Number of protein chains: 2
Amino acid sequence: MSDIRRRRVPRPVREQQIIDAAIRVFARRGYHAASVDEIAEHAGISKPMVYLYLDSKEGLFLAALRREAERLLAVFRAAAVPAHSPELRLRAGLLAFFTFVTEHRDSWVVLHRQSSEPSPAITAELARSRRALLAEVTGLVRADIAASDGPARPDDDAEFVAYTLVGAADSLTDWMALHPGEPPERITLRLMNMVWVGMRNVLDGEVWTTPSQLP
Amino acid sequence: MSDIRRRRVPRPVREQQIIDAAIRVFARRGYHAASVDEIAEHAGISKPMVYLYLDSKEGLFLAALRREAERLLAVFRAAAVPAHSPELRLRAGLLAFFTFVTEHRDSWVVLHRQSSEPSPAITAELARSRRALLAEVTGLVRADIAASDGPARPDDDAEFVAYTLVGAADSLTDWMALHPGEPPERITLRLMNMVWVGMRNVLDGEVWTTPSQLP
DNA sequence: ACGTAACCTTACTCGCCAGTAAGGCTGGGG
DNA sequence: CCCCAGCCTTACTGGCGAGTAAGGTTACGT
């Protein structure tokens, strides 16, 4: 788009352009249906360049995956700093997440909606990135437990809560698509509202009991 | 496996066998990487039979999708009957869901972990099945609102709660894989515990407020 | 000025797999 | 007993797309 039609771009720049294009195409078509030719074209380049710089289709996908996973994790970590109280850390983390998804929808699609791909390497990398996020949230929850006065709970519980939170946030990602007006702040607020009290219940070992006898 | 090697199986039976095989293979490989040949082999048959009965690879996938979506929805509906109180309905529904996933893991993988497939028809069908589940849950939540004494809440809230619940349950599906011993009953209990109070908060319009000033 | 490394292209090969043509079995109804 | 409807097979075609061979072109350092 610049005035000078920049041919002959240096490698590091071109690599990022290729990854940018890859994310767009992978998000739209999925790993298998995406063709390297189409990605090359989006990057304003021909196919052999992709192979020269990124080795293979799988290598390209992995590079894209890693870059975006890194981005998301960085944003989350930067937001949920230990300076805040547990509640505010969680709130900030959720807000950062919803904001990221809003602003980088394609990245999110590639990051999350691509399971059951053939290559073990890809499956592994996908799992790794999700685990990293889960670990971060689990850490948050555990910190909250440590700060609270209740008895030490088994790790299982922190993990359980983390899975619930991440899954809920993930699904609300779809809800956002249905309500384009809704700002991330409102979604975060509602989710906090819904989840905060119950979290304390689980972590304090309080048990929900069936209000009348079971059938 | 039976004593008589049953060649020449009647069509309706064979169709179900093909769909059974398809679910196993699609779950393992994903839509694109799965080959019709492999599915045919799993069904103890040759490829043209698949095309004769199910038309195309896409038709086969759609048939599998529809059958399993139907199953899951039926199980959920049967459990969450209106006879119970809202809480017990939700509990029963969640329990049915977790039980289904435990017993039909492949079906669940095909049903949920297959987005961003090329064909619009498949994307549409996948979305339809998820929407059906969400609609069911939203209905439950709405029924709960109606039963409660609070002011009429906008529909948005019921939908929001439903997305949260479905997403949480979905993600806990992964948690189950990590904790094979855990029975569906315990998972359901914990999730109810975590979510029930907060649900009331959201539906009653109570607002979580930041405990100290925001950064 | 000019060589060379880095950038980039056209024009292939080759294997895989969806889909099909052409016809062989077999068993139940007349 | 015999025939035909419905079950099933082997053996193809055709195209798509990952990966590559072979070489052309620019710009930067000296």
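These numbers were taken from a predicted model, which means no experiment stands behind them. Naming convention: chains lettered A, B, ... in sequence-line order (proteins, then strands); numbering from 1 in each chain.
With D:dC7, C:dC8, C:dC7 as the choices, the nucleotide that has an atom nearest any side-chain atom of B:Arg11 turns out to be D:dC7. Here the side chain of B:Tyr51 is nearest to one of C:dT10, D:dT26, C:dA18, namely C:dA18. The side chain of B:Val36 sits closest to C:dA18 out of C:dA18, C:dT9, D:dT9. If you check D:dT25, C:dA18, D:dC8 against the side chain of B:Lys57, the one that comes closest is C:dA18. The side chain of A:Lys47 sits closest to D:dG19 out of C:dT20, D:dG19, C:dA18. Closest contact between the side chain of B:Pro48 and the listed nucleotides D:dT10, C:dT10, D:dA27 involves D:dT10.
Rounded to an integer number of Å, the gap from CD of B:Glu15 to P of D:dC8 is 12 Å. Going from atom CG of A:Leu52 over to atom C1' of C:dT9 covers 12 Å, rounded to whole Å. A straight line from CD of A:Gln17 to C1' of C:dC8 spans 13 Å, rounded to a whole angstrom. Between A:Glu41 atom CD and C:dT10 atom C1' the separation is 15 Å, expressed in whole Å. Straight-line distance from the CD atom of A:Glu58 to the C1' atom of D:dG17: 16 Å, rounded to whole Å. In this structure, A:Asp37 places its CG atom 14 Å from P of D:dT20, rounding to the nearest Å. The CD1 atom of B:Ile45 sits 11 Å away from the C1' atom of D:dT9 (whole-angstrom rounding). Taking atom CE of B:Met49 as the reference point, atom C1' of C:dG19 lies 15 Å away to the nearest angstrom.
As judged by a 4.0 angstrom heavy-atom cut-off over every strand, B:Ala34 is placed among residues touching the sugar-phosphate backbone only. Across all strands, B:Ser35 comes closer than 4.0 Å only to sugar-phosphate atoms, never to a base (heavy-atom distances).
Contact annotation: A:Tyr53 does not reach the phosphate of C:dA6 (side-chain N/O to OP1 or OP2, under 4.0 Å). Listed pair A:Arg14 / C:dC8 meets the phosphate criterion, a side-chain N or O lying under 4.0 Å from OP1 or OP2.
Under 4.0 Å is where a charged nitrogen must lie from a carboxylate oxygen, and between A:Glu15 and A:Arg67 no such pair does. Between B:Arg28 and B:Glu38, none of the side-chain N atoms (NZ, or NE/NH1/NH2) sits under 4.0 Å from a carboxylate O, so this pair counts as no salt bridge.
A cation-pi arrangement, defined by a distance under 6.0 Å to the six-membered ring centre and an angle within 45 degrees of its axis, is present between A:Lys57 and A:Tyr31.
Ring pair A:His32/B:His32 is parallel by interplanar angle, where below 30° counts as parallel and above 60° as perpendicular.
For the residue pair A:Arg71 and A:His104, no side-chain donor N or O sits within less than 3.5 Å of a side-chain acceptor on the partner.
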